[in-house]
A.B. asks: 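Handing you this structure, nothing more for now.
Values in this document were obtained by computation on a predicted structure and should not be read as measured data. Below, all heavy atoms of this structure are taken into account, side chains as well, without hydrogens, waters or symmetry copies.
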Amino acid sequence: MALMKIYISLISLFLFPGIAHADVTVYVQSLQAKIMQQPDFSASVIGTAKRGDTLSVTARKGAWYQIQFAEKIGYIAALLVADHPPRNGKRAINADANIGNNARRRASAVATAGATRGLTSDDRKRASQNGVADYSALNFMDKAAVSEIQAEDFLKKGLGE
Amino acid sequence: MRSLCPIAFAGILIVIFFLMAQPLQSANEFRARVSKKSFAREVTQADVEAEIEFGREVAARILGQYKVVRDKKITTYVNLVGKAVAIHCNRPELDFKFAVLNTSSINAYAAPGGYIFVTAGAVKIMKDEAELAGVLAHEIAHSTERHIVKELGIKGEESSAQAGIAHLLGAMGDPARMAFKQAVDKAMDILFTTGYQQQDEFEADRSGTLLLASTGYDPLALERYIARLSAQPISADMKIINDTHPSYDKRQAAFRALAAEYHLDTVKHPALQERFAAYVN
């Protein structure tokens, strides 16, 4: 009898992995991600997930993942998710923003930034003066950037949402 | 009877193992497909920081090559459209920024770390906002897939024989600076002379188109724009794009296959011609 119990336990041990292998967790990376009724960009939208949400993937169909969403089967574009939580980006320190304008900076801050940033400030200054690089234009690009919320609102207006 | 139990038990185990082996292999394959990058070395925070720092230097060089268009209206528009696509990508750690380059040359560029450029010449031949979004989505895909980063082996930790840019960023002295400058030169070479690996261009077309669809723009817009490029007369303005990309025939064949695979011709997403005209003209 005891031996039989051992046999049954061992058999169950082999059965269990076969039952429990299917689901994989992914994390939504997109600010918002539509969940579709079918794996098709024309399908009806059954819900919306947001960045950081975890989803349980039960199958892959081409560029789509089949997921369990609010007790329904749905589909999300694979491009919108990843197998890790969203990462934080460290914004690059704009230590040389004024090189193009020839503004004065504290020498110690410049030296520190240069030493830890691959090129020294003198390298960048020389590159700017030679016309090889334009850090003033890079500063313009930084300032012209828009926020995610601004872009989302702009998109929704265009799409009539 | 008792001596038969172990034999029966062994037999059952063999049958179960045989039956379970196939699904377990499928599960492992499935896991591999879902998290294909997890079998490669994991990207660290240091890798991301190195990518952004390096990308800024490449961006500054691109801006040295061509002057930036400082018109606020067009610059804001390109940033709004580009960011609208970027918020749907899978690299939220990158703060995507966009600029228009003051040149009649027809092209677009992606420096690592989220710096994206489109030339005034390219914008001039676009017909609608979806085409602009499509071109920007293609470049965003080069960034999200780390094509230049992979080509140059930019890593935050020295975990292989390859020299990492972050290693150079943390190092001091002339050899490190020279190596860093050479890496920036190599990136510029890829962007302006040799081009990306062909498979990377096809991947950017594919990912860019799917990103366009996920964002809500007409997913056929990028294909439409590429078709118009293929009809442009051969000129100095077309030299760099023609030299650095696969043939139009091959790109258009890949687009057609993608459209058929995902029924993209049935997707009724807008192209937004009027809004484009209001900002660009």
A.B. asks: Measure the spacing between NE2 of B/His88 and CD of A/Gln32 and express it to the nearest 0.5 Å.
C.D. replies: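 Separation between the atoms: 7.5 Å.
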A.B. asks: Name the region of A/Val81, side chain, backbone, both or neither, that has any atom closer than 4.5 Å to a heavy atom of chain B.
C.D. replies: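 Only the backbone of A/Val81 comes within 4.5 Å of chain B.
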A.B. asks: Sort B/Leu272 into side chain, backbone, both or neither according to what part of it lies under 4.5 angstrom from a heavy atom of chain A.
C.D. replies: side chain
A.B. asks: Quick check on B/Lys72 against chain A: is it the side chain, the backbone, both or neither that has a heavy atom closer than 4.5 Å?
C.D. replies: neither
A.B. asks: Which pairs of donor and acceptor atoms, one on a side chain in residues 66-80 of chain A, lie under 3.5 Å apart (sequence neighbours left out)?
C.D. replies:
residue: A/Gln66; atom: OE1; partner: A/Thr58; partner atom: OG1; Å: 2.9
residue: A/Gln66; atom: NE2; partner: A/Tyr75; partner atom: OH; Å: 3.0

A.B. asks: Taking everything shown except B/Glu261 itself, do over 12 heavy atoms lie less than 6.0 Å from its CD?
C.D. replies: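 Yes, the 6.0 Å shell around CD holds more than 12 heavy atoms from other groups.
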A.B. asks: So which atom in A/Asn88 and which in B/Glu93 form the shortest heavy-atom distance, rounded to 0.1 Å?
C.D. replies: C-CB, 3.7 Å
A.B. asks: Report the option among B/Ala59, B/Ser214, B/Pro219, B/Pro270 that has the most heavy-atom pairs separated by less than 4.5 Å from atoms of chain A.
C.D. replies: B/Ser214
A.B. asks: Taking every heavy-atom pair that is under 4.5 Å apart, which of A/Pro86, A/Gly160, A/Ala151 has the most such pairs with chain B?
C.D. replies: A/Ala151
A.B. asks: What part of B/Phe276 gets closer than 4.5 Å to chain A, counting heavy atoms only: side chain, backbone, both or neither?
C.D. replies: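 Neither part.
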A.B. asks: Below 4.5 Å from any heavy atom of chain A, which atoms of B/Arg61 appear? Answer side chain, backbone, both or neither.
C.D. replies: both
A.B. asks: Which bit of A/Lys157 comes within less than 4.5 Å of chain B, counting heavy atoms only: side chain, backbone, both or neither?
C.D. replies: both
A.B. asks: Under a 4.5 Å heavy-atom cutoff, which of B/Arg91, B/Lys181, B/Lys268, B/His263 has the most pairs with chain A?
C.D. replies: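 Heavy-atom pairs under 4.5 Å are most numerous for B/Lys181.
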A.B. asks: Report which part of B/Val69 has an atom under 4.5 Å of a heavy atom belonging to chain A: side chain, backbone, both, or neither.
C.D. replies: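 For B/Val69, the backbone is the part near chain A, not the side chain.
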A.B. asks: Drop me the distance from B/Arg56's CZ to A/Tyr135's OH, to the nearest 0.5 angstrom.
C.D. replies: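 If I round to the nearest 0.5 Å, the distance is 9.0 Å.
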A.B. asks: Given side chains that start at C-beta, do those of A/Val146 and B/Phe98 come closer than 4.5 Å, heavy atoms only?
C.D. replies: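 A side-chain contact is absent here, since even the closest heavy-atom pair is not under 4.5 Å.
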A.B. asks: Under a 4.5 Å heavy-atom cut-off, does chain A meet the side chain of B/Leu101, its backbone, both or neither?
C.D. replies: neither
A.B. asks: Which value, rounded to the nearest 0.5 Å, describes the distance between B/Leu210 atom CG and A/Trp64 atom CH2?
C.D. replies: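 With rounding to 0.5 Å, CG (B/Leu210) is 8.5 Å from CH2 (A/Trp64).
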A.B. asks: Between B/Leu264 and chain A, which part of the residue has a heavy atom less than 4.5 Å away: side chain, backbone, both or neither?
C.D. replies: side chain
A.B. asks: Considering all heavy atoms of both residues, which atom of B/Ile116 and which atom of A/Met141 are nearest to each other, and what is their separation?
C.D. replies: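 That would be O-CE, 3.6 Å.
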A.B. asks: Taking all heavy atoms of B/Ile87 and all of A/Arg51, pick out the closest pair and write down the distance.
C.D. replies: O-NH2, 4.0 Å
A.B. asks: Measure across B/Leu63 and A/Asp134 and return the closest heavy-atom pair with its distance rounded to 0.1 Å.
C.D. replies: O-CB, 3.6 Å
A.B. asks: Tell me, side chain or backbone of B/Thr75 under 4.5 Å from chain A's heavy atoms, or both, or neither?
C.D. replies: side chain
A.B. asks: If I take atom CD from residue A/Glu152 and atom NZ from residue B/Lys83, how far apart are they, to the nearest 0.5 angstrom?
C.D. replies: 12.5 Å
A.B. asks: What are the two closest non-hydrogen atoms of B/Asn79 and A/Ala145, and how far apart are they?
C.D. replies: OD1-CA, 3.7 Å
A.B. asks: With only heavy atoms counted, which part of B/Val267 is less than 4.5 Å from chain A, the side chain, the backbone, both or neither?
C.D. replies: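 Both the backbone and the side chain of B/Val267 come within 4.5 Å of chain A.
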A.B. asks: Any idea which of B/Leu80, B/Thr215, B/Ile62, B/Val81 has the most non-hydrogen atom pairs under 4.5 angstrom with chain A?
C.D. replies: B/Leu80
A.B. asks: Below 4.5 Å from any heavy atom of chain A, which atoms of B/Glu129 appear? Answer side chain, backbone, both or neither.
C.D. replies: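 Contact with chain A: side chain only.
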A.B. asks: For B/Tyr262 and A/Ala63, work out which heavy atoms get closest and say how close.
C.D. replies: OH-N, 2.8 Å
